[in-house]
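Here is how names work: the chains are called A, B, and so on, in the same order as the sequence lines, proteins then strands, and each is numbered from 1.
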Amino acid sequence: MPDIQTTLERLLSEAVAKAFGNEFADADPILRQATNPKFGDYQANLAMGLAKRLNQKPRDIAEAIKEKLPIGDVLTDAQVAGPGFINLTLNPDLLASQLAAMFKSDRLGVAVADPPMKVVVDYASPNLAKEMHIGHLRSTIIGDAIARILEFQGQHVTRHNHIGDWGTQFGLLLEHLIETGWANSTDTSISDLNVLYKEAKVRDDTDPAFAERARKRVVDLQSGDPQARKIWEQLIVESIRHMNQVFSCLGVKLTDDDLKPESFYNDRLPGVIEAIENAGLIRDCEGAKVVYVEGFFNKEGEPLPMAVKKADGGFGYPATDLAAVQYRVKDLQADRVVYVVDSRQKDHFRQFFKIAADVGWLTSGAELVHVGFGTIMGLDGKPFKTREGDTVRLADVLNEAVDRASKVIADKAPDLNAQEREEIARVVGIGAVKYFDLSNYRIKDYVFDWDRMLALEGNTAPYLQNAYVRIRSIFRKGEVDPSTLTGGGDGGGGADAIKLEHEAERALALQLLQLPRIIQSVADSLEPHRLCTYLYELASSFHKFYEKCPVLAADTDARRDSRLTLCDLVARTLKQGLELLGINTVERM
RNA sequence: GCCCACGUAGCUCAGUUGGAUAGAGCAGCGGACUUCUAAUCCGCAGGUCACAGGUUCGAAUCCUGUCGUGGGUACCA
């Protein structure tokens, strides 16, 4: 069954063609949801734009189109208003049958992509030399949400965790560890590593001789020196163990199969440089091999070089990133590669995307997208740090989230036992952190505010999770198993058919039916906050309905079944929507 | 200097890719609970959409400029 907007667009195109001729059939109907219920359900705004082409008054055009719109199964009313808006009111039976189809669909009416695209999503990608910190949060959860949404659409998604296991930072660490004897110690924890990395960084900044030795260690490592290699492996094992603990706590879908570390591309680097050289893009500059990308300048106003091979013979991140593009587009045949990385690296991405295009790797039409995001700020409006001014450990944030959620739940639902509360606190606390991040427009910075993210009102995870809980509570209380509902059976006209009588029911129905469009819009824009806004508005619509329309105490069985069906649709949509954001639900809270 | 984002109610944020009177939450004021979980709902108040031009039937949204904030400016990632 085509969705409502598609149906309306078809009717409008046919009406325009009938009124003004076939050459106008392809005019965009500019169909929008009505901004106000008094304007009906949808409005078509094409009459104003046609005025010039037709040399007629917009209102007359709108009237002419309106006259050709059939009133019946789809529309119960069409009115011209304002400068030439055509306000459309839908037949509630159509809404009900659409809802019945949605109810019967285990995908809630969301179509499967056909043909599917092959999409690589590069996210999380922490630097393994350090413990995971707050700076890794956004890439990890935004990337995971995007991957889940594309996957739900039926796209062929490949997750790549492009961990930093190969760069300059390992030179520092190796040199320092060899000197301090860490490699021979038996107790090697990630927290030690964190401290050691800081020490190494200080030495690197203050001791030129150390810095020189450290740089040489990178070249050793990349060329296969056994000692460097052995210590490096120890480091990696420990770091990945820690990373997986954090992922598990966050409920992120990345596994070891998704690891595509920088080192993975090592063998490909010479070939990549050669390909760029063959394309005539490489220049020599102070011993380094560089590419000049048009439109980029340094502080002196000179063309900005991008070093694909460093003066000391080592390879930096531009080489690795280019190798990764080649691998993803040529070997994996990706149609789309999505990089979920801090906005501050925007210029870097623009440069190597351009190089990839110039080398000729994108001739298949593959699209490279940088999904940038802003910085997490503290309450003081400056980048989020601990009171001592250190980076905030991600593990600490997640623990605190669960602790705080636990207190909120203890306050609101004292009858839950300790174990239940613990489980719920985990879902609510972690969900709150993730939702707070995802619900903001990702380009912008946001202030990390515990009280706001754990608030039970407003656009927060706890509010949505609670809306879900309330619905589940109705089914428990009424001892109704949702799977016994049919939505009116085939065709939606049975005894338990959905009936949209109250305006709150109608508003809820229209809201529910938007889901497929919202999913599509998130997949196109790669902006998960649109799904958050939708879920919040859905929960709001539900609460209005809940206030006005008794469900279990409805005056007839038919009305009760219809409302139960609506409730179940809302619950499933909330649960599915949150799941696409990587957030769980609970049955009570 | 150059380049890139962002600027919407007192605060935190949306605004369906150009549509009607710019919407939520918090904070403030006033209402509604022997409940299907009031963890909610209803109402009031709150705006020069940073500013100035431009594009057109129509601009918070697009283009130009100005101001403000933040970021980037090769061999760290």
Side-chain angles (χ1 to χ4, degrees), chain A residues 30 32-36 39 43 45 47-49 51-52 57-58 81-85 87 125 127 164 167-169 172 204 215 262 285-292 295-301 304-312 314-318 320-321 341-348 350-351 372 374-375 377 381 408 411-413 439-441 443-447 449 451-452 455-460 462-463 465-467 469-471 473-478 514 517-518 521 524-525 529-530 532-534 536-537 540 543-544 546-548 550-553 563 567 588-589:
Chain A
I30 316 184
R32 297 290 124 95
Q33 271 191 277
T35 50
N36 187 321
F39 298 141
Q43 57 179 263
N45 301 337
M48 288 80 81
K52 195 160 278 181
K57 286 186 199 149
F85 301 108
N87 292 334
S125 308
N127 180 341
T168 313
Q169 74 278 13
L172 304 184
D204 184 60
R215 245 176 290 287
E262 288 176 341
C285 181
E286 297 168 24
K289 292 191 175 196
V290 308
V291 180
Y292 291 98
F296 290 88
F297 303 93
N298 66 16
K299 287 170 193 161
E300 282 70 47
L304 182 70
M306 184 177 217
V308 293
K309 187 165 186 180
K310 299 194 281 186
D312 62 10
F315 295 101
Y317 60 90
T320 314
D321 281 333
V341 182
D342 193 309
S343 287
R344 282 177 289 202
Q345 292 186 37
K346 183 163 188 167
D347 282 355
H348 168 66
R350 287 186 20 203
Q351 286 179 77
T375 305
M377 303 299 211
V408 173
D411 187 37
K412 292 288 180 184
S439 62
N440 282 281
Y441 181 42
I443 299 293
K444 300 211 269 192
D445 299 342
Y446 74 85
V447 175
D449 184 337
D451 293 337
R452 225 175 267 282
L456 302 155
E457 54 280 305
N459 189 8
T460 68
Y463 175 82
Q465 286 166 326
N466 181 60
V469 164
R470 289 183 118 182
I471 298 172
S473 162
I474 294 172
F475 283 93
R476 267 199 307 277
K477 187 122 186 176
Q514 296 306 313
R517 296 258 158 182
I518 297 298
S521 122
D524 290 342
S525 64
H529 80 283
R530 298 183 186 213
C532 297
T533 303
Y534 168 77
Y536 175 59
E537 285 171 356
S540 270
H543 277 126
K544 282 171 194 166
Y546 179 89
E547 205 68 29
K548 296 273 166 54
V551 179
L552 295 175
R563 288 178 179 170
C567 284
R588 36 182 116 225
M589 62 190 276

Tell me the interatomic distance from [X], atom [atom1], to [N], atom [atom2], rounded to whole angstroms.
| X | N | atom1 | atom2 | value |
| --- | --- | --- | --- | --- |
| A:N36 | B:rU21 | CG | P | 11 Å |
| A:K412 | B:rU40 | NZ | P | 8 Å |
| A:H543 | B:rC41 | NE2 | P | 6 Å |
| A:E262 | B:rA77 | CD | C1' | 8 Å |
| A:R530 | B:rU17 | CZ | P | 8 Å |
| A:F296 | B:rG1 | CZ | C1' | 17 Å |
| A:N87 | B:rA20 | CG | P | 11 Å |
| A:E547 | B:rA39 | CD | P | 12 Å |

Do any side-chain nitrogens or oxygens of [X] fall under 4.0 Å of OP1 or OP2 in [N]?
| X | N | answer |
| --- | --- | --- |
| A:K52 | B:rC57 | yes |
| A:R452 | B:rU12 | no |
| A:T168 | B:rA77 | yes |
| A:K299 | B:rC3 | no |
| A:H529 | B:rG15 | yes |
| A:K444 | B:rA14 | yes |
| A:Y446 | B:rC11 | no |

Partner nucleotide of [N] by Watson-Crick or wobble geometry (both distances under 3.5 Å):
| N | answer |
| --- | --- |
| B:rU17 | none |
| B:rA45 | none |
| B:rC26 | B:rG10 |
| B:rA39 | none |
| B:rG1 | B:rU73 |
| B:rU66 | B:rA50 |
| B:rA60 | none |

**Request:** For residues A:S525 and A:R530, report the shortest heavy-atom separation together with the two atoms involved.
**Result:**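 Of all heavy-atom pairs spanning A:S525 and A:R530, the closest is OG-NE, 3.4 Å.
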Glycosidic torsion of B:rU17 (syn if within 90° of 0, anti otherwise) classifies it as syn
Exercise for review: Could you tell me whether the side chain of A:Q351 has a donor or acceptor atom within less than 3.5 Å of a complementary atom in the base of B:rA74?
Suggested key: no
- [ ] Kindly indicate whether the side chain of A:E457 and the base of B:rA39 share any N or O donor-acceptor pair separated by less than 3.5 Å?
- [x] no
Working to the nearest 0.5 angstrom, can you tell me the gap between A:Y317 OH and A:H348 NE2?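 Here the rounded value is 5.5 Å.
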Atom CZ of residue position A:R588 - does it have more than 12 heavy atoms of other residues, nucleotides or ligands inside 6.0 Å?
no
Measure the shortest side-chain to side-chain distance between [X] and [Y] over non-hydrogen atoms and say whether it is less than 4.5 angstrom.
| X | Y | result |
| --- | --- | --- |
| A:R452 | A:V447 | no |
| A:F315 | A:K309 | yes |
| A:V408 | A:P462 | no |
| A:T375 | A:R344 | yes |

Can you tell which of [options] lies closest to the side chain of [X]?
| X | options | result |
| --- | --- | --- |
| A:M48 | B:rC36, B:rC57, B:rA39 | B:rC57 |
| A:Y463 | B:rU40, B:rA39, B:rC4 | B:rU40 |
| A:S525 | B:rC2, B:rU17, B:rU73 | B:rU17 |
| A:R215 | B:rG72, B:rC76, B:rC36 | B:rC76 |
| A:T35 | B:rU16, B:rA74, B:rC41 | B:rU16 |
| A:N440 | B:rC36, B:rA14, B:rG71 | B:rA14 |
| A:N466 | B:rC36, B:rA39, B:rU40 | B:rA39 |
| A:N298 | B:rU73, B:rU56, B:rC76 | B:rU73 |
| A:K544 | B:rG19, B:rC36, B:rC41 | B:rC41 |
| A:Q33 | B:rC41, B:rU16, B:rA77 | B:rU16 |

Work out how far the [atom1] atom of [N] is from that of [M], and round it to whole angstrom.
| N | M | atom1 | value |
| --- | --- | --- | --- |
| B:rG46 | B:rU8 | C1' | 14 Å |
| B:rA5 | B:rU61 | P | 16 Å |
| B:rG23 | B:rC4 | P | 34 Å |
| B:rC49 | B:rA22 | C1' | 8 Å |
| B:rG53 | B:rG15 | C1' | 25 Å |
| B:rG47 | B:rC11 | C1' | 15 Å |
| B:rC3 | B:rA74 | C1' | 15 Å |
| B:rC26 | B:rC42 | P | 11 Å |

Per nearest nucleotide of RNA chain B, the residue lying toward the 5' end, A:I443 or A:S521, is A:I443
Counting the atoms with a prime plus P, OP1 and OP2 as sugar-phosphate, which does [X] contact under 4.0 Å by heavy atoms, base, sugar-phosphate, or nothing?
| X | answer |
| --- | --- |
| A:A288 | base |
| A:G164 | nothing |
| A:T533 | sugar-phosphate |

- Message: Looking at A:A455, is its backbone amide N or carbonyl O close enough to the side chain of A:T460 to form a donor-acceptor pair, meaning the two atoms are under 3.5 Å apart?
- Response: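 Yes, the answer is positive, given that a donor and an acceptor are paired below the 3.5 Å cut-off.
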Check: A:H529 main-chain N/O paired with A:T533 side-chain donor or acceptor under 3.5 Å:
yes
For a side-chain contact (heavy atoms from CB on, under 4.5 Å) check, start with the C-alpha distance between A:Y536 and A:S540, then their side-chain angles and the critical distance, and finish with the verdict.
CA-CA 6 Å; A:Y536 175 59; A:S540 270; 4.2 Å; yes
State whether the aromatic ring of A:Y536 stacks on the base of B:rA24, taking stacking to mean ring centres under 5.5 Å apart and ring planes under 30° to each other.
-> no
With stacking defined as ring centroids separated by under 5.5 Å and planes differing by under 30°, is A:F39 stacked against B:rA20?
yes
